[in-house]
Amino acid sequence: QVQLVESGGGLVQAGGSLRLSCAASGSIFSINTMGWYRQGPGKQRELVAGITSGGYTKYADSAKGRFTISRDNGKNTVSLQMKSLKPEDTDVYYCNAGHVVSNPGGYGMDFWGKGTLVTVSS
């Protein structure tokens, strides 16, 4: 089994910055993608930013130019540096590890963290 533990959420004023971090632990041979998603009440979970093991990144339009995702493959960690935060960035942010393989040649599975609340006040 694989566990994802997030940290770094909290309350910040508009224009401020926050850094979210996520560490994956457990039976891990490789992780294909790691990323951050957000979800508001009654809404679908949506991608904020993602990064592959090779360093290829993808950002939601709302995150481009303000957020930076980074990853440490050796430590199985992913971080999201968020700057110039806006009230509309307020949401619960979830860490995702995609296609996690526990043994060479094994099946890949996706895992989620429990979420961390980001609140941006105006």
Between Thr90 (side chain) and Val120 (backbone), is there a donor-acceptor pair under 3.5 Å?
-> yes

Starting from the C-alpha separation in whole Å, work towards a yes-or-no answer on salt bridge (charged side-chain N to carboxylate O under 4.0 Å, His left out) for Asp89 and Lys86.
-> CA-CA 5 Å; Asp89 294 320; Lys86 306 174 183 179; over 6 Å; no

Please check if the side chain of Asn96 supplies one atom and the backbone of Trp112 the other of a donor-acceptor pair under 3.5 Å.
-> no

Distance col, row Lys83:NZ vs Arg66:CZ, nearest 0.5 angstrom, shows 12.5 Å

Assess whether side-chain contact (heavy atoms from CB on, under 4.5 Å) is satisfied between Tyr107 and Val101, documenting all intermediate values.
-> CA-CA 6 Å; Tyr107 287 103; Val101 177; over 6 Å; no

Show your working on side-chain contact (heavy atoms from CB on, under 4.5 Å) between Tyr59 and Val48 and close with a plain yes or no.
-> CA-CA 6 Å; Tyr59 293 92; Val48 177; over 6 Å; no

Side chain proximity check, Ser7 to Thr116, heavy atoms < 4.5 angstrom = no

Measure across Ser84 and Ser17 and return the closest heavy-atom pair with its distance rounded to 0.1 Å.
-> N-OG, 4.4 Å

Nearest heavy-atom pair of Leu11 and Ser121: which atoms, and what distance?
-> CD1-CB, 4.3 Å

Decide yes or no on side-chain contact (heavy atoms from CB on, under 4.5 Å) for Asp91 and Val118, but give the supporting numbers first.
-> CA-CA 6 Å; Asp91 246 336; Val118 172; over 6 Å; no

Enter the distance from Arg45:CZ to Tyr37:OH here, rounded to the nearest 0.5 Å.
-> 9.5 Å

Kindly say whether Lys114 contributes a backbone atom to a donor-acceptor pair with the side chain of Glu6 at under 3.5 angstrom?
-> yes

Gap separating the CD1 atom of Ile51 from the CH2 atom of Trp36, nearest 0.5 angstrom | 13.0 Å

Between Cys22 and Leu4, the two heavy atoms sitting closest are SG-CB, 4.0 Å

Please name the pair of heavy atoms, one in Ala97 and one in Ile31, separated by the smallest distance, quoted to 0.1 Å.
-> CB-CG2, 4.0 Å

First locate atom CE of Met82, then atom OH of Tyr93, and finally report the distance between them rounded to the nearest 0.5 Å.
-> 5.5 Å

Rounded to the nearest 0.5 angstrom, the CD-CD1 distance for Gln3 and Ile28 is 8.0 Å

side-chain contact (heavy atoms from CB on, under 4.5 Å) against Ser102, all qualifying residues, sequence neighbours excluded = Ser27

Should Leu80 and Val92 be counted in the same cluster of Ile, Leu, Val, Met, Phe, Trp and Tyr side chains packed under 4.5 Å apart?
-> no

Nearest heavy-atom approach of Asn73 to Arg71 is OD1-NE, 2.6 Å

Ignoring hydrogens and geometry, is there a side-chain-to-backbone donor-acceptor pair from Gln81 to Arg19 under 3.5 Å?
-> no

Within the distance-only criterion (no hydrogens, no angle test), does the side chain of Asp72 pair as donor or acceptor with the backbone N or O of Lys75 below 3.5 angstrom?
-> yes

Applying ring-ring contact (aromatic ring centres under 6.0 Å, His included), name anything that partners Tyr94, two or more places apart in sequence or on another chain.
-> none

Sub-3.5 Å donor-acceptor pair from the side chain of Gln39 to the main-chain atoms of Gln44, do we have one?
-> no

Looking only at heavy atoms, which two atoms of Met34 and Ala24 are closest? And how far apart?
-> CE-CB, 4.4 Å

To the nearest 0.5 angstrom, please state how far the NE2 atom of His99 sits from the CE atom of Met109.
-> 11.5 Å

